[in-house]
Structure formats: structure tokens, C-alpha cells
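Here it is, the structure, as C-alpha cells.
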There are 2 protein chains.
Amino acid sequence: MPKGNYDICPPECCDMRGMLSFLILWLLSKKPMYGQELAKEIGKRRGTKPNPGTIYPALKELKKRGLIRSKKEGRATNYYITEKGRKGIQTACEYFCKAFGEIFRERMHISARKAEQIH
Amino acid sequence: MPKGNYDICPPECCDMRGMLSFLILWLLSKKPMYGQELAKEIGKRRGTKPNPGTIYPALKELKKRGLIRSKKEGRATNYYITEKGRKGIQTACEYFCKAFGEIFRERMHISARKAEQIH
DNA sequence: CGTTAATTATTGGGTATCCAATACATTTAA
DNA sequence: TTAAATGTATTGGATACCCAATAATTAACG
């Protein structure tokens, strides 16, 4: 798996990483996953896949706080979101959309503007 | 200025801070601002205002990388985005909307769903 | 004019996230 | 059966961001 094999590439000007726990909870709210599956899904969206040294301590912490639970199944350890985690991520998504919503709406506005100009 | 005097409050389940440089460049791409003005604007959106120990080193670094420039005007130091910064933030906003867009669209879908149910 | 408020900037210590390396376990492929 | 692939988990060092405290400067207020 080459590092750069994504449709998306992070910008050079500023660090766009972070909010790892948020992304993990959000993905797990969709379906249970094992560690590397999560890392791969994050990589698909962010263009950079978190290393084991990043993902596993984060999962460990989320488990410690009761937001997820895990179950070893063969060589994989599958992670499941708890009810507490589900409530938490709902609130977090609302917050995210409020805090960063303007960037999105601005972008959609620009896109709509460009579409107009083509007419 | 009380800390909690915002319309928005960060969630408890996970850390939603970060991407400070991105936010700074984005705000400066709208209009020049001085340090505490930037901090205030970030606070309005994120519900937490970055401390001087956070904002000024970040501004210093952005300046060092040629993405912004500054000019002391009285007690204020106003910060301006450079052309390099403007190009950078454009790319970064595109990236941001791609990387996190799904969270938004999901949220808007849920909102639309709820509106339907009311009918 | 003196006092208060606002702004700047730094320092020291902390934290979440990050990478790279390493070792071990399990599954899959040859 | 062996080798390769995949997944787990930890450790050590690094980085961006973070807070709180501090000191200096400038502006605003009474």
C-alpha cells in the first residue's frame, strides 16, 4: 500500500491533522471495525493513514473512557461504539457542523458562483 | 470576558481543538486582523478562545513561512495574508471540504429528514 | 494625570496526535 | 510446511496546539 495512493492530498500550508478521536467515533457510529480498517477509512478521507502508534493508543483511550468497547475475533480486534459513545458523537457532530459550517457554506457558495459563470 | 459566553460549547467526548493555523489563514483571507481580534473570532466559532500563548506563536510561525505578514499600528499588530497564504488557504479549504464533507452532508441529510417528519 | 483596559509577546509545562520502529500473533498464500 | 501478509500493540521521540502566568506597551476612561 503506497502512501500516496489516495484521491486526496493534504495541503502544504498548514497541518490539517487532528481530531482523531472524533473521526474514530464517527466511523464506528456507522459500523464496527478493527484497528487497521479504521486507519484505512481515515486514510481514504484524509489522504493520510494514521500509524499504529497513533491509532491504537487512541482506541485504548476511547475504551478507557467508555465510549467504545472491543472484542478480539481471530487476529482482529473489532471495536464497537457504546451508547455513551453514540450520544457523544452526536453532540460532537452537531458541534463540528456549527464550528466549521461556515467554511463549507462558503465553499458551496463559490461552487454555485462558478456554475453560474459558465452559463 | 467570561469564558463561557458563547453560543456554542465544545463536546466532552473528544478533543475538537486543532487546525489553528488553518483557521487563522481562513479568517485572515477575509480581512486583516490583530492578534486578539483573531482569537475572538475563533472563539465565536469554536466556543473557546485561544490563549495568547497559543495564538502568537502560531502567528509567528505563519509569518516565518511567508503565509502572512504583520504591521504594528499603535498598540495593535495587524496581520495580513500574503499571496502565498491566499493560495495555500484556497487549497486547504478545498482539502477540508473533501476530507470532512461527508460529516456535513450526513448532518444536512438528517436535518432534512427531520423536517420531512414534521409534515 | 492616574488608573484601568486592551494588546503584544514570551515562557514553561501539558496534551492529543503523530511518525517510525519493533515484536508478537494470526491468517493467508505458495 | 514455510513464507508472506495482515493485524495488534507498545515505545520513544517529535510536533502542533493548548493553558496559565508574566511583563511591557499603548489606548481609553474618569
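A note on names: the letters A, B, ... follow the listed sequences, proteins ahead of strands, and every chain is numbered from 1.
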Review point. Of the candidate nucleotides C:dC18, D:dC19, D:dT11, which contains the atom at the shortest distance from the side chain of A:Pro57?
Key: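 From the listed options, D:dT11 comes nearest.
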
Check your understanding: Looking at DNA chain D, which of residues 69-97 of chain A put a heavy atom within less than 4.0 Å of it?
Key ->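 Contacting residues: A:Arg75, A:Ala76, A:Thr77, A:Tyr79.
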
Check your understanding: OP1, OP2 of D:dT8 versus side-chain N and O of A:Tyr56: anything below 4.0 Å?
Key ->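 Looking at the OP1 and OP2 atoms of D:dT8, one of them is under 4.0 Å from a side-chain N or O of A:Tyr56.
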
Check your understanding: Rounded to the nearest Å, what distance is computed from the NZ atom of residue A:Lys49 to the C1' atom of nucleotide C:dT17?
Key ->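 Atom-to-atom, A:Lys49 to C:dT17, this comes out as 17 Å.
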
Review point. By side-chain hydrogen bond (donor to acceptor under 3.5 Å, both in side chains), which residues pair with A:Arg65, not counting sequence neighbours?
Key: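 For A:Arg65 there are no side-chain hydrogen bond (donor to acceptor under 3.5 Å, both in side chains) partners, ignoring immediate neighbours.
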
Check your understanding: So what is the end-to-end bend of the helix from C:dC1-D:dG30 to C:dA30-D:dT1, with 5 pairs used at each end and the value given to 10 degrees?
Key ->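 The two end axes of the helix from C:dC1-D:dG30 to C:dA30-D:dT1 meet at 30°.
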
Exercise for review: Would you classify B:Arg46 as touching base, sugar-phosphate or nothing, given that sugar-phosphate means primed atoms plus P, OP1 and OP2, and contacts are heavy atoms under 4.0 Å?
Suggested key: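 Sugar-phosphate, backbone atoms only, no base.
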
Exercise for review: Using whole Å, report how far CD1 of B:Ile68 lies from P of C:dT8.
Suggested key: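 B:Ile68 atom CD1 is separated from C:dT8 atom P by 12 Å.
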
**Study point:** Phosphate contact (C:dC19 OP1 or OP2) by A:Thr54 side-chain N/O below 4.0 Å
**Key:**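 For C:dC19, OP1 or OP2 has a side-chain N or O of A:Thr54 closer than 4.0 Å.
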
Check your understanding: What pairs with B:Lys63 under salt bridge (charged side-chain N to carboxylate O under 4.0 Å, His left out), at least two apart in sequence or on another chain?
Key ->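 So B:Lys63 forms no salt bridge (charged side-chain N to carboxylate O under 4.0 Å, His left out) with any residue.
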
N/O-N/O pairs, protein side and nucleotides 1-4 of chain D side, under 3.5 Å:
none

Exercise for review: Give every residue pair that meets the salt bridge (charged side-chain N to carboxylate O under 4.0 Å, His left out) criterion with at least one member in residues 18-28 of chain A, sequence neighbours excluded.
Suggested key: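 Residue pairs passing salt bridge (charged side-chain N to carboxylate O under 4.0 Å, His left out), neighbours aside: none found.
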
Check your understanding: For A:Lys60 and C:dT15, what is the distance between atoms NZ and P respectively, to the nearest whole Å?
Key ->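 Rounded to the whole Å, the gap is 16 Å.
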
Review point. Just by distance, do the side chain of A:Tyr95 and the backbone of B:Arg46 share a donor-acceptor pair under 3.5 Å?
Key: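 The answer is yes, because a donor-acceptor pair under 3.5 Å joins these two groups.
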
Review point. Using a heavy-atom distance cut-off of less than 4.0 Å, which residues of residues 20-45 of chain B contact DNA chain D?
Key: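 When residues 20-45 of chain B is checked for heavy atoms under 4.0 Å from DNA chain D, the hits, listed by number, are B:Leu20, B:Ser21.
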
Review point. Excluding sequence neighbours, so at least two apart, what forms side-chain hydrogen bond (donor to acceptor under 3.5 Å, both in side chains) with B:Tyr56?
Key: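 Listed in chain order: B:Gln36.
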
Point to revise | Qualifying residues under ring pair (Phe, Tyr, Trp, His ring centres under 6.0 Å), relative to A:Phe96, sequence neighbours excluded | key: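 Here the qualifying residues are A:Phe22, A:Phe100, B:Phe100, B:Phe104.
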
Review point. Among all residues two or more places apart in sequence or in another chain, which pass the side-chain hydrogen bond (donor to acceptor under 3.5 Å, both in side chains) test with A:Lys40?
Key: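 A:Lys40 satisfies side-chain hydrogen bond (donor to acceptor under 3.5 Å, both in side chains) with no residue once adjacent residues are dropped.
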
Review point. Can you name the residues that form a salt bridge (charged side-chain N to carboxylate O under 4.0 Å, His left out) with A:Glu102, not counting sequence neighbours?
Key: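 Testing A:Glu102 for salt bridge (charged side-chain N to carboxylate O under 4.0 Å, His left out), a comparison that skips the adjacent residues, returns B:Lys30, B:Arg45.
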
Point to revise | Nucleotide nearest B:Arg17 when distance is taken to its side chain, options D:dC18, C:dT10, C:dC18 | key: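 Nearest to the side-chain atoms of B:Arg17, counting from C-beta on, is D:dC18.
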
**Study point:** Set of residues satisfying salt bridge (charged side-chain N to carboxylate O under 4.0 Å, His left out) with respect to B:Arg17, sequence neighbours excluded
**Key:**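 Expected list: B:Asp15.
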
**Study point:** Backbone of A:Thr82 reached by a side-chain donor or acceptor of A:Arg69 within 3.5 Å
**Key:**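 Looks like no, no N/O pair under 3.5 Å.
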
**Study point:** Residue pair A:Asn78, A:Met33: steps toward the side-chain contact (heavy atoms from CB on, under 4.5 Å) verdict
**Key:** CA-CA 5 Å; A:Asn78 282 310; A:Met33 295 185 209; 5.6 Å; no

Practice item. Please tell me which of B:Gly53 and B:Glu61 maps to the more 5' nucleotide of DNA chain D, matching each residue to the nucleotide holding its nearest heavy atom. Key: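 Comparing both residues, the 5'-ward one is B:Glu61.
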
Review point. In whole angstroms, how far is the C1' atom of C:dC19 from the CG atom of A:Asp15?
Key: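 Answer to the nearest Å: 12 Å.
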
